[in-house]
Amino acid sequence: MSKPVVGGGPKKVLYALQTATKIGLKSTAKALTAKNTCKACGLGMGGQKGGMTNEAGDFPSVCNKSIQAQSTDIQPGIPIEVLTHPLSDLRELDGHELEHLGRLATPLYKPAGADRFEAIGWDAALDLAGARMRATAPDRSFFYSSGRSSNEAGFILQLLARAWGTNNVNNCSYYCHQATGVGLGTTIGTGTSTVELEDLDRCDFIFVIGANPASNHPRFIHKLKAIRDRGGEVVIINPAREAGLVRFALPKSVKSMVTGGDWIASDYLQPRIGSDLAVLKGLAKAVLVAADGDFIAAHTTGFEAFLADIEATSWDEIECRTGLGRADLERVAGLYAKAGSAVFAWGMGITHHLNGCDNVEYIANLAMLRGQIGRPGAGLLPLRGHSNVQGIGTIGVKPVLAREVLARMEQAFGITLPQGGGMDTMACMQAAQRGEIDAAVLMGGNLFEANPDSAFALEAMGRIGFKLYLTTTLNRGHVHGIGDGEALILPVTARDEEWQPTTQESMFNFVRLSDGGIHRFDGVRPESDILCDLAQRLMPDSPVDFVAFKQHRTIREAIARIVPGMEDLADIDVARQEFHVRGRLMHTPLFHTIDGKGRFVFRPLPPAEPAPLLLTTVRSEGQFNTIIYEYTDSYRGGIDRNSVMLHADDLAQRGLQDGDVVTLESDHGRMDGVTVRAFDIAKGSVMAYYPEANVLVGTAVDPRSKTPAFKATPVRIVPR
């Protein structure tokens, strides 16, 4: 490339305007300015301060992801003639084509053994769903939610499942940030961010580890640039040198756009894939001389054992594992040691490993080592991907509830709920593959394509006899893995179409209120409404008054009574006062542990991976989770999604050149006819796009978080 790639810039502004023009400037403006929470990432904006304003009052707080998310919701309805084509025809469409067919506006039913969907009325669909679920033993079912759904719908989903008799309740976080919850739980006693948005305006140092916010959380880049403007440091740790993390042309700044962008990273480490724990131990080893002894003595436990492990880990081993020099790690540790207030931010490059929990624990260790937690402007920030994935977990869409929450729920409704834990997401999929799941309720998302090992996912989903999907648009998960059984697809309202206000929680533990109220289609219904109707058919004699729960205020009042920290939810629709979940932000050094102290932990380095090439799956700038908006990746030089990226030396070593076509294979699958591209990435590393590359990823999980290792798969290149 003759010109360096820069994130953001006029092309992204033009793309956003073109997208808005396609869906109608009036419709776009209405959607973006309404008092509804953004449908994209967990950074959050919108709500009662306005559609393009965040909790700090920043305006316009909007990005390309917001426009993209709106673009599929504002589409016209899909003609029934298209929906009733043979499944074989629909399977010829890729994910982008299916998502952009339009909005689903009528219920669809595929009878057992049929080769296509047919239209079905709402009452008939709900009657059928109730009958099929009644014929299923509760422990042979599971309930799944994406992070798009509201707190209100999520609460009803998990209550329905548990009142019926199963704890097989899970969500998409098991395939993303579950390791964060576990790793933070063992060290600081809470599983979410310890900082609020304003803390990013107070800090003078930030680590961004295993994440690419330029593509996935664009508005976060404004905060990074502001740190640089204040003379602070932004250190990126990522195997790939991502253009948008080096330099970004911010659309809100005329100067930034005209001058070709602002520098974001002040330092950039590129370790080998899978060496995160060794990197973190190396940074800890280098910063020991600047450890905050007073903080450690007063507010932590376990430091001696942690120190012994760090001292026993040699620099030779750290350098060998990471591919980084001691001088590189000491340089970055020196910057951290000088920081007044530091924030640690990380993404799935940290959690998507068989030792993802260990990685998160060592981030917490690093923060405690310098006393960079428990005060304003400093702390821990997991970068959540979906707009309400954190809220869905908060209100109980998970297989294990805290005893206090379970007891409160039983008392509130006068029922006895199943004890013990249910199955996590992967366990449910494996049970389905074994033929042990007869029914599944899937609220949003695309579980089929979110799974590792696409052949496994196809088989497992296909063996579920009855599947009930709640969705706004079609995706590949609705036509692949459908099997010979029955399937219902019910069209739901988008967030800004909800009949009543709903709530969502950001990655900063901030709960927003969305007004809803925009009307686009007659044939769609809110998820909460559908679930309450299903519950009445499934459990007509239940002591839980699901009819009353058709009123969202009643749901919120129940959540406020049952879920600690959510007390302010009860009257949010009246007070219009959005809030932080109580007890999560840490602006004083009082940890959420039994003794109020942070816990240093130590973990051994994982076995060294002998494979010469390790694959990490990544997202492009033009996608959100499994949804593909653009076929090419503008932030990686315009390469297409059928490309894999390697260091130029790795290509040369194999007699390959940029642009050659090869087969990429692993022990789990193969991708034929992919194009290799030279990229600035650590040697021995390979990048390919999610979800296409999931065919190569195995189903092994981190034993503690049950999260698959999407980021470290041994692969081989087979020349054509």
Side-chain angles (χ1 to χ4, degrees), residues 41-43 146-147 170-188 190-194 207-213 215-217 220 236-240 271-281 343-367 379-386 389-390 392-393 398-399 424-427 445 450-452 507 601 603 605-606 609 614-619 625-626 685 687 690-691 693-694 697-713:
C41 78
L43 192 66
S146 78
N170 50 70
N171 66 71
C172 56
S173 71
Y174 278 88
Y175 285 178
C176 58
H177 261 293
Q178 184 65 17
T180 288
V182 175
L184 293 185
T186 59
T187 52
I188 66 171
T190 183
T192 65
S193 172
T194 69
F207 274 115
V208 180
I209 312 172
N212 183 14
S215 289
N216 301 316
H217 306 83
F220 189 62
I236 310 294
I237 303 178
N238 195 316
R272 291 194 181 108
I273 287 174
S275 67
D276 307 277
L277 191 56
V279 172
L280 295 167
K281 286 193 177 190
V343 170
F344 291 77
W346 67 94
M348 290 180 289
I350 282 292
T351 61
H352 275 173
H353 296 277
L354 297 182
N355 66 332
C357 297
D358 301 356
N359 292 338
V360 173
E361 288 170 334
Y362 269 76
I363 290 175
N365 286 339
L366 264 179
L380 307 174
L381 176 61
L383 296 171
R384 306 282 183 176
H386 219 314
V389 65
Q390 190 163 297
I392 286 293
K398 49 192 174 184
D424 60 82
T425 307
M426 177 54 73
N451 268 286
M507 68 172 72
V601 300
R603 307 290 179 189
L605 291 174
E609 175 54 61
L614 285 179
L615 166 76
T616 179
T617 61
V618 294
R619 274 79 164 169
N625 201 6
T626 58
S685 304
M687 290 201 311
Y690 166 100
N694 286 1
V697 179
T699 57
V701 297
D702 176 352
R704 291 198 284 158
S705 68
K706 311 303 180 185
T707 301
F710 288 96
K711 303 296 188 188
T713 301

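Values below: every heavy atom of this structure, side chains too, minus hydrogens, waters and symmetry copies. What you see is a predicted model, and the numbers here were worked out from it, not measured in a lab.
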Drop me the distance from W346's CH2 to T351's OG1, to the nearest 0.5 angstrom.
10.0 Å

Taking side chain to side chain donor-acceptor pair (under 3.5 Å) as the test, write out the residues that go with R704, two or more places apart.
D358, E361

Answer yes or no: is there a side-chain heavy-atom contact under 4.5 Å between S193 and M507?
no

Show the nearest heavy-atom pair for residues A179 and V360, with the distance to one decimal.
O-CG2, 3.8 Å

Who passes side chain to side chain contact (heavy atoms under 4.5 Å, CB included) against T192, sequence neighbours left out?
T190, R384, Q390, N509, R584

To the nearest 0.5 Å, how far apart are CD1 in I350 and SG in C357?
11.5 Å

Does the side-chain contact (heavy atoms from CB on, under 4.5 Å) test come out yes or no for N355 and R603, once each step is laid out?
CA-CA 9 Å; N355 66 332; R603 307 290 179 189; over 6 Å; no

Tell me, please, which residues at least two apart from H353 pass side chain to side chain donor-acceptor pair (under 3.5 Å).
D276

Across all chains, not counting sequence neighbours, the side chain to side chain contact (heavy atoms under 4.5 Å, CB included) partners of A345 are I206, F220, L381, L383

Would you say the side-chain atoms of N216 pair up with the backbone N or O of G385, donor to acceptor, closer than 3.5 Å?
no

Is a side-chain donor or acceptor of K711 paired with a backbone partner of T617 at a separation under 3.5 angstrom?
yes

Measure from the side-chain N and O atoms of S275 to the backbone N and O of R272, and report whether any donor-acceptor pair falls under 3.5 Å.
yes

Sequence neighbours excluded, the answer for ring-ring contact (aromatic ring centres under 6.0 Å, His included) partners of F344 is F207, Y336

Let me know which of T707, N451, T425 forms a side-chain hydrogen bond (donor to acceptor under 3.5 Å, both in side chains) with Y175.
N451

What residues form a side chain to side chain donor-acceptor pair (under 3.5 Å) with N359, not counting sequence neighbours?
none

List for me each residue that meets salt bridge (Lys or Arg N to Asp or Glu O under 4.0 Å) alongside K281, sequence neighbours excluded, and say none if there are none.
D309

Side chain to side chain contact (heavy atoms under 4.5 Å, CB included) partners for A427, two or more places apart:
M423, D424

Any residue meeting ring-ring contact (aromatic ring centres under 6.0 Å, His included) with H386, in chain and number order, not counting sequence neighbours
F624

Here the gap from N365 atom CG to I188 atom CD1, rounded to the nearest 0.5 Å, amounts to 11.0 Å

Whether the side chain of N238 engages the backbone of A211 through a donor-acceptor N/O pair (distance < 3.5 Å, no angle test) should be reported.
yes

Partner residues of H352 under the ring-ring contact (aromatic ring centres under 6.0 Å, His included) criterion, sequence neighbours left out:
F710

Taking atom CD1 of I392 and atom CG of N171, what is their separation to the nearest 0.5 Å?
7.0 Å

Answer yes or no: is there a side-chain heavy-atom contact under 4.5 Å between R619 and N625?
yes

To the nearest 0.5 angstrom, please state how far the CD1 atom of I209 sits from the CG atom of L366.
7.5 Å

Sorted by chain and residue number, the side chain to side chain contact (heavy atoms under 4.5 Å, CB included) partners of V701 (sequence neighbours excluded) come out as M426, K706, P708

Hey, what do you get for NZ (K398) to CG (N170), rounding to the nearest 0.5 Å?
12.5 Å

P452 versus G698, closest heavy-atom pair with distance
CB-O, 3.3 Å

Could you tell me which residues satisfy side chain to side chain donor-acceptor pair (under 3.5 Å) with Y174, sequence neighbours excluded, listed by chain and number?
none

